[in-house]
Amino acid sequence: VDLTNLAFNVDIYLIVPIWGKVHIGGTSGDLEHGITAEIGVSGIATGSITFHLKDGNQVWADLQLNTIVGNWSTDVYLFTL
């Protein structure tokens, strides 16, 4: 995270039993406006993850994920700037 302009770069991986670590996407942008990465790995996972700020300095990830073993819809705290 670049603290001067809140630029954010991220690569996203999913740990999948048998396959191991699978790269499911990457994105960059401005945390102030939110950054969304679409997830589309055939037979493994679909959905999206949006990185955004809460309370001005907390970085959160809004996860909407559908997989062959379950579905998740949650907002996860990552860290404070």
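What you see is a predicted model; the values in this text were computed from it and never measured.
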Review point. Mind checking whether Q58 and L78 have side chains closer than 4.5 Å, heavy atoms only?
Key: no
Practice item. Would you confirm whether D55, through its side chain, and N57, through its main-chain N or O, come within 3.5 Å as a donor-acceptor pair? Key: no
**Study point:** Flag side-chain contact, heavy atom, 4.5 Å: L6 against L53
**Key:** yes
Check your understanding: Going by atom types only, do S73 and Q64 share a side-chain donor-acceptor pair under 3.5 Å?
Key -> yes
Review point. Given the rule in the side-chain contact (heavy atoms from CB on, under 4.5 Å) test, do L65 and I39 qualify, once you have shown the distances and angles that lead to the verdict?
Key: CA-CA 8 Å; L65 188 62; I39 299 167; 4.1 Å; yes
Review point. After noting the C-alpha distance and the side-chain angles of D11 and H23, does the key distance pass the side-chain contact (heavy atoms from CB on, under 4.5 Å) rule?
Key: CA-CA 8 Å; D11 281 311; H23 184 258; 3.4 Å; yes
Practice item. Identify whether I49 and Y13 are in the same connected component of the hydrophobic contact network (ILVMFWY, side-chain heavy atoms under 4.5 Å). Key: no
Check your understanding: What class does the angle between the rings of W60 and Y77 fall in, given that below 30° is parallel, 30 to 60° is tilted and above 60° is perpendicular?
Key -> perpendicular
Practice item. Step by step, work out the side-chain contact (heavy atoms from CB on, under 4.5 Å) result for I35 and T50. Key: CA-CA 5 Å; I35 304 162; T50 300; over 6 Å; no
Practice item. Measure across T27 and T36 and return the closest heavy-atom pair with its distance rounded to 0.1 Å. Key: OG1-O, 3.8 Å
Check your understanding: Same cluster for W72 and F51 if Ile/Leu/Val/Met/Phe/Trp/Tyr side chains link at under 4.5 Å?
Key -> yes
Practice item. Given side-chain contact (heavy atoms from CB on, under 4.5 Å), test L31 with V59 step by step and report yes or no. Key: CA-CA 8 Å; L31 280 174; V59 179; 3.9 Å; yes
Revision key, fill the gap. Rounded to the nearest 0.5 angstrom, the OG1-CG distance for T74 and L63 is 7.0 Å
**Study point:** Donor-acceptor under 3.5 Å (T67 side chain, V69 main chain)
**Key:** yes
Study note, to complete from the structure: All heavy atoms of E38 vs all of G47, minimum pair found to be OE1-O, 3.4 Å
